[in-house]
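Just below is one structure, and these are the notes that go with it.
Within every chain, numbering begins at 1; the chains are lettered A, B, ... in the order of the sequence lines, protein sequences first and strands thereafter. Just so you know, these numbers come straight off a predicted model, no measurement behind them.
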2 protein chains.
Amino acid sequence: MNEQTEPHSPKKYRVGVEAALEVMGGKWKPLIIYHLIDGAKRTSELRRLMPDITQKMLTAQLRALEKDDIIIRNAYNEIPPRVDYELTPYGKSLKPALDLLCYWGEEHLDKVHGDKSKVLEDF
Amino acid sequence: MNEQTEPHSPKKYRVGVEAALEVMGGKWKPLIIYHLIDGAKRTSELRRLMPDITQKMLTAQLRALEKDDIIIRNAYNEIPPRVDYELTPYGKSLKPALDLLCYWGEEHLDKVHGDKSKVLEDF
């Protein structure tokens, strides 16, 4: 007899930030989310913005973000077919935290390099 | 002749969030910083709060955070010798972003599990 309603006992968390990191943490997800804040992007656009990510890694990260309802995949009925990814309203709720991190990162580059414009492109 | 004043050309960043992630991103650093927000902790206390991290990984992450001026290592002249780690004022400047992530994570657990108290310990 299994009294669990879920197939496995659910994972336990010590602090909320653990759960947030599971969804949006790691090397690439925060950057992907950040780049989608200003609108839907195609895979090719994301790769241009993140030249160090492999196609395989990008695909895996997009799938994971889709599964967690952070982004949605839009397939357009066009010739040639077009696909892009955009933040869901839920995904957009991560914007304030990412904005703070972005601002912190710029201040950090000022601190380390004297002036962030030396190392920050398009600034 | 090398006209660079730095030994290598400095790494370029596209957005500030990349620089922030370099310092506080990844699987463990945000959690370590989060656990230090309420005060200095010894390595053994951090391991208790993060049972899944190995000693080797914890040591590596603490070194990296120390190098980036996010935490300092305090060695007390006691018998037996005592060492702990605490956030620097600079490290504390990450608190607002981590607070937002923590809050977001709790809301996420409510969304996924109906009620975060089912999976969040000490809640």
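Looking at B/Asp115, its side chain does come within 3.5 Å of a backbone N or O of B/Ser117 through a donor-acceptor pair. Remark: side-chain polar atoms of A/Thr88 are not paired, donor with acceptor, to backbone N or O of A/Ile72 under 3.5 angstrom.
In this structure the side chain of B/Arg14 reaches within 4.5 angstrom of the side chain of A/Pro51, judged on heavy atoms. With a 4.5 Å cut-off on side-chain heavy atoms, A/Met50 and A/Leu46 count as touching.
Classification of A/Lys111 and B/Asp69 as a salt-bridged pair holds, one side-chain N sitting under 4.0 Å from a carboxylate O.
Put simply, CG on B/Asp84 and CG on B/Asn74 are 5.0 Å apart, with the number rounded to the nearest 0.5 Å.
For a heavy-atom cut-off of 4.5 Å, chain A lies close to B/Gly16, B/Val17, B/Glu18, B/Ala19, B/Ala20, B/Leu21, B/Val23, B/Met24, B/Gly26, B/Lys27, B/Pro30, B/Leu31, B/Tyr34, B/His35 in residues 16-37 of chain B. Within residues 96-103 of chain A, the residues having any heavy atom closer than 4.5 Å to a heavy atom of chain B are A/Pro96, A/Ala97, A/Leu98, A/Leu100, A/Leu101, A/Cys102, listed by residue number.
Minimum heavy-atom separation, A/Leu109 to A/Lys116: CB-CB, 3.7 Å. Contact detail for A/Glu45 and A/Arg42: the closest heavy-atom pair is OE1-N, 2.7 Å.
Under the side chain to side chain donor-acceptor pair (under 3.5 Å) criterion, A/Arg47 pairs with A/Gln55, not counting sequence neighbours. Looking at residues two or more places apart in sequence or on another chain, you find no ring pair (Phe, Tyr, Trp, His ring centres under 6.0 Å) involving A/Tyr85.
Interface remark: B/Leu94 contributes backbone and side-chain atoms alike to the contact with chain A (heavy atom separation under 4.5 Å).
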